[in-house]
Amino acid sequence: TDETTTRRAVEVAKVLFDWATGFSRRMYIIPHGQNLAEFLEKCPHRFTCLLCKRVMYRIAEKIAEMTKVEGIVTGEAIGEQASQTIPNLRVLNQAVQKYPIHRPLLGFDKAETERIARKIGTYEPSSLKAKGCTAAPKKPATMAKPHEIIEAEEKLNIQQMVEASVQQLKTLNCRISTSLYSSVSVLFSACVEPLNDRVLMFSLTMSAADIAVRVFLKLEPEDFRTLQ
């Protein structure tokens with residue numbers, strides 16, 4: 001596991017947990033390197049990021065079932081990454097069948113997101129130096145078709161990959177709480193060299209929405225984009 005990337009994600013999560021007072025603070029750390037290695041070996045490289053995220057979504061869905069939560073929350077924003085174009089978000093959505101995917105930052109641009117991060121305290125920890133993903137293709141697909149990704153996934157044993165990943169999860173309790181509810185996050189970190197630096201965090205519960213509400217309540221009017 002790439003400790004620098006994992007540490008950065010954990011520090012950001014700790015700040016977000018402070019916006020969920022009264023909720024337990026729990027993270028799941030899951031090796032993802034072997035999955036990345038299979039994508040690179042068996043599938044078109046331009047689909048690597050989408051295949052990676054679709055498996056992450058499925059793992060998040062599995063943990064959502066285990067923890068009895070109500071949805072999956074991500075930090076994706078339209079156009080921020082190649083995998084976050086509107087066509088690609090549609091492809092990602094189709095990986096999850098049982099839970100809604102919530103994206104509270106979907107319509108924010110980079111400057112707006114950074115301004116919010118500075119206000120709530122996540123900007124500094126998120127800026128800590130860490131490796132980038134070495135599995136990312138030079139020319140990633142930006143307008144993938146669902147049938148293209150399905151064809152690529154036919155070369156993989158997706159169910160086995162998800163089950164193996166969940167079996168390797170490690171739980172990190174950031175703080176003890178007696179709340180009946182849980183604020184749950186999933187941290188995917190690659191563990192196979194040189195694919196040891198892919199980290200993504202999903203918040204998996206209603207309390208994640210609660211975090212968003214608490215954040216927005218503290219923001220000033222100028223922090224929101226005015227829709228005409």
Side-chain angles (χ1 to χ4, degrees), residues 1-2 4-6 8-9 12-13 27-64 72-97 99 101-103 105-106 130-170 185-204:
T1 299
D2 176 18
T4 62
T5 313
T6 301
R8 181 176 65 182
V12 172
M27 298 182 69
Y28 294 119
I29 301 175
I30 299 175
H32 196 54
Q34 185 58 45
N35 297 337
L36 282 170
E38 287 198 43
F39 302 148
L40 292 178
E41 178 184 352
K42 300 177 180 180
C43 303
H45 286 190
R46 65 194 184 97
F47 294 145
T48 298
C49 294
L50 291 172
L51 295 169
C52 173
K53 279 195 172 184
R54 278 170 64 93
V55 169
M56 287 181 176
Y57 275 33
R58 291 181 175 107
I59 295 171
E61 184 176 45
K62 192 74 173 178
I63 295 177
I72 299 170
V73 180
T74 79
E76 292 161 320
I78 293 176
E80 183 64 27
Q81 302 290 339
S83 63
Q84 297 174 22
T85 62
I86 291 177
N88 284 354
L89 289 174
R90 176 193 175 199
V91 168
L92 294 178
N93 285 345
Q94 293 176 354
V96 176
Q97 304 297 322
Y99 291 88
I101 299 172
H102 305 291
R103 298 182 174 99
L105 299 178
L106 188 66
K131 290 183 179 181
C133 179
T134 57
K138 292 182 179 179
K139 295 183 178 180
T142 57
M143 298 185 69
K145 305 296 184 183
H147 70 87
E148 294 177 322
I149 303 303
I150 291 173
E151 289 176 3
E153 288 184 340
E154 289 175 351
K155 302 175 183 178
L156 307 165
N157 190 331
I158 297 294
Q159 183 176 353
Q160 184 180 55
M161 294 173 75
V162 172
E163 291 176 354
S165 296
V166 172
Q167 288 175 2
Q168 297 179 71
L169 70 82
K170 295 182 180 180
S185 296
V186 179
L187 178 65
F188 295 88
S189 57
C191 63
V192 177
E193 293 289 343
L195 309 174
N196 63 347
D197 47 21
R198 179 67 176 180
V199 174
L200 183 68
M201 186 171 66
F202 290 82
S203 294
L204 295 178

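On a predicted model such as this, the values are computed, not experimentally measured, just so you know.
Separation of atoms CD (Glu153) and CD1 (Ile158) is listed at 4.5 Å; rounding is to 0.5 Å. Between Leu106 atom CG and Ile78 atom CD1 the span is 4.0 Å, to the nearest 0.5 Å. Atom CD of Glu151 is separated from atom CZ of Phe47 by 8.5 Å, given to the nearest 0.5 angstrom. Here the CG atom belonging to Leu92 is positioned 6.0 Å from the OG atom belonging to Ser83, to the nearest 0.5 angstrom. Once rounded to the nearest 0.5 Å, the distance linking OG1 of Thr48 with CG of Leu40 reads 5.0 Å. How far OG1 of Thr74 is from CD of Gln84: 7.5 Å, rounded to the nearest 0.5 Å.
Counting all heavy atoms, side chain and backbone alike, Cys43 lies closest to Ala152 at SG-O, 3.5 Å. In plain terms, the two heavy atoms of Met143 and Pro87 that are nearest each other are CA-CB, 4.0 Å. Residues Lys155 and Pro44 come closest through the heavy atom pair NZ-CD, 4.4 Å. Minimum interatomic distance between Ala141 and Asn88 (heavy atoms only, all atoms of both residues): O-ND2, 2.9 Å. Shown here for Leu105 and Gly75, the closest heavy-atom pair between the two residues is CD1-O, 4.0 Å. Taking every heavy atom of both residues into account, Asn35 and Ser165 meet most closely at ND2-OG, 3.0 Å.
In this structure, the side chain to side chain donor-acceptor pair (under 3.5 Å) partners of Arg103, at least two apart in sequence or on a different chain, are Tyr57, Glu76, Asn93. The side chain to side chain donor-acceptor pair (under 3.5 Å) check on Gln159 picks up Glu163, with sequence neighbours excluded.
With Thr85 contributing its side chain and Thr142 its backbone, the two residues share a donor-acceptor pair below 3.5 Å. Judged purely by atom type and a 3.5 angstrom limit, Glu38 has no side-chain atom pairing as donor or acceptor with the backbone of Leu156.
For Lys42, the NZ atom counts as densely surrounded, since its 6.0 Å shell holds more than 12 non-hydrogen atoms of other residues, nucleotides or ligands.
Looking at His32 and Cys52, their side chains come closer than 4.5 Å, going by heavy atoms from C-beta outward. Arg46 is listed as a side-chain neighbour of Glu148, based on a closest heavy-atom distance under 4.5 Å. Taking the side chain as every heavy atom from C-beta outward, Val55 and Ile59 approach each other to under 4.5 Å.
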Pair Thr5, Arg8 - check side chain to side chain contact (heavy atoms under 4.5 Å, CB included), show working.
CA-CA 5 Å; Thr5 313; Arg8 181 176 65 182; 4.2 Å; yes

